[in-house]
Amino acid sequence: MLELDIVIQRGDFVLPIQAQLNSTVTGIFGASGCGKSSLLSAIAGLLRPQQGQIILDGQTLFDSRKKINLAPQQRHIGLMFQDGQLFPHLSVKDNLLYGYQRLSRSEQHFHLAEICQLLEISHLFSRLPRQLSGGEKQRVALGRAVLYSPRLLLLDEPLSSLDETRKAQILPFLARVRDEVKIPMLYVSHALSEIDYLTKDIIYLNSQTKD
Ligand SMILES: Nc1ncnc2c1ncn2[C@@H]1O[C@H](COP(=O)(O)OP(=O)(O)OP(=O)(O)O)[C@@H](O)[C@H]1O
């Protein structure tokens, strides 16, 4: 369970958020600039909230009063963005293994073959990212994020660079990750239809302006 009780501030922008998230997938929806990416950055440890607490499965990741602020690598949270951000000079296989190889055996919860079969990417192993379609890149990025065995996977508009046909192809893979791998996910999107496909649990963000 993820417990959030924080205030994020960036200049005049203020976002207070209080929520308890229990679902395998929680959708995060809101207008452009309402703070969706800032919220994910705060959970990942890349942006310090102005005040409050973030607790994941009983572990305090951030507490302004107790002066706790775990570094991103101590949080073991996975992030996946709009353009996947694969390393361009590494093959698909080396991209997939990038974070995985740095885990100890006990931290490796999945096998390369199992995840690649799930996402149908095994035949792409020797290719470089520039030799992949947009949809293939996103499946490889998702595979890399899942192999890292994160406690929580944060997905920031993972399909927004794809056309409607490709989106429709990738959504079932995300549903498979939800059902078969069961890593809790926060899924940010402008598209309610995408969120609806994956979950009925949605947070609507409303930011405020500092007076
Ligand atoms: N580095 C920064 N410094 C100051 N303000 C920032 C910074 N980054 C973002 N902001 C502001 O914080 C607010 C929230 O931005 P954020 O990127 O979290 O919104 P978002 O909901 O993810 O937007 P979008 O849907 O357009 O990607 C915006 O008003 C933005 O202008």
Side-chain angles (χ1 to χ4, degrees), residues 1-85 87 98-110 141-142 144-158 177-178 181-189 195 199 201-211:
M1 178 166 55
L2 179 66
E3 297 165 71
L4 296 170
D5 183 0
I6 49 174
V7 177
I8 293 170
Q9 191 174 340
R10 299 187 113 171
D12 284 346
F13 170 86
V14 183
L15 175 69
I17 174 156
Q18 273 189 318
Q20 294 208 337
L21 314 182
N22 294 306
S23 305
T24 311
V25 182
T26 303
I28 299 177
F29 181 78
S32 179
C34 72
K36 303 182 292 298
S37 302
S38 302
L39 173 60
L40 294 197
S41 299
I43 296 168
L46 303 170
L47 172 67
R48 193 183 193 286
Q50 202 197 21
Q51 63 182 69
Q53 275 189 327
I54 303 174
I55 299 172
L56 178 60
D57 297 330
Q59 184 192 22
T60 302
L61 305 183
F62 175 78
D63 189 320
S64 53
R65 271 191 302 176
K66 292 184 186 158
K67 301 201 185 318
I68 296 171
N69 187 17
L70 297 191
Q73 62 275 18
Q74 293 174 301
R75 300 187 186 201
H76 204 98
I77 289 174
L79 266 172
M80 179 178 157
F81 300 100
Q82 181 179 333
D83 52 3
Q85 293 175 329
F87 298 110
Y98 188 81
Y100 188 68
Q101 281 171 334
R102 287 162 176 75
L103 300 176
S104 66
R105 270 284 162 86
S106 63
E107 290 170 322
Q108 292 177 344
H109 295 154
F110 311 108
L142 182 59
R144 182 176 66 182
V146 169
L147 278 167
Y148 180 60
S149 305
R151 302 161 69 191
L152 177 68
L153 182 55
L154 307 176
L155 300 141
D156 196 353
E157 306 262 9
V177 169
R178 174 196 65 197
V181 184
K182 295 190 170 69
I183 296 172
M185 295 187 253
L186 295 194
Y187 189 93
V188 162
S189 179
I195 295 179
T199 184
D201 292 300
I202 304 178
I203 295 181
Y204 297 88
L205 289 190
N206 277 311
S207 54
Q208 303 168 357
T209 307
K210 210 173 113 195
D211 325 297

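Values below: every heavy atom of this structure, side chains too, minus hydrogens, waters and symmetry copies.
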### Cation over ring face, Arg144 and Phe87, 6.0 Å, 45°
yes
### Message
Taking the side chain as everything from C-beta on, heavy atoms only, tell me whether Ile6 gets closer than 4.5 Å to Ile54.
### Response
yes
### Message
Using every non-hydrogen atom in the two residues, find where Leu147 and Tyr100 come nearest and quote the distance to one decimal.
### Response
O-CD1, 3.1 Å
### Task
Spell out, as yes or no, whether a donor-acceptor pair under 3.5 Å connects the side chain of Gln108 to the backbone of Arg105.
no
### Message
For the backbone of Met1 and the side chain of Asp57, can you confirm whether one donor and one acceptor N or O come within less than 3.5 Å of each other?
### Response
yes
### Message
Can you tell me how far apart CE (Met80) and CG (Leu142) are? Round to the nearest 0.5 Å.
### Response
5.0 Å
### Query
Any side-chain heavy-atom pair from Ser38 and Arg10 closer than 4.5 angstrom?
yes
#### Entry: Parallel, tilted or perpendicular: ring planes of Tyr148 versus His76, cut at 30 and 60 degrees
parallel
### Query
For the residue pair Ile43 and Ile77, what are the closest heavy atoms and their distance?
O-CD1, 3.4 Å
### Summary
Those residues at least two apart in sequence (or on a different chain) that pass side chain to side chain contact (heavy atoms under 4.5 Å, CB included) with Glu157 are Lys36, Ser160, Val188, Ser189, His190
### Query
How far apart are the closest heavy atoms of Ala44 and Arg75, and which atoms are they?
O-CD, 3.6 Å
### Query
Does a side chain donor of either Gln53 or Arg65 reach within less than 3.5 Å of an acceptor in the other side chain?
no
### Task
Can you see which heavy atom on Leu205 is nearest to which on Cys34, and at what distance?
CB-SG, 3.8 Å
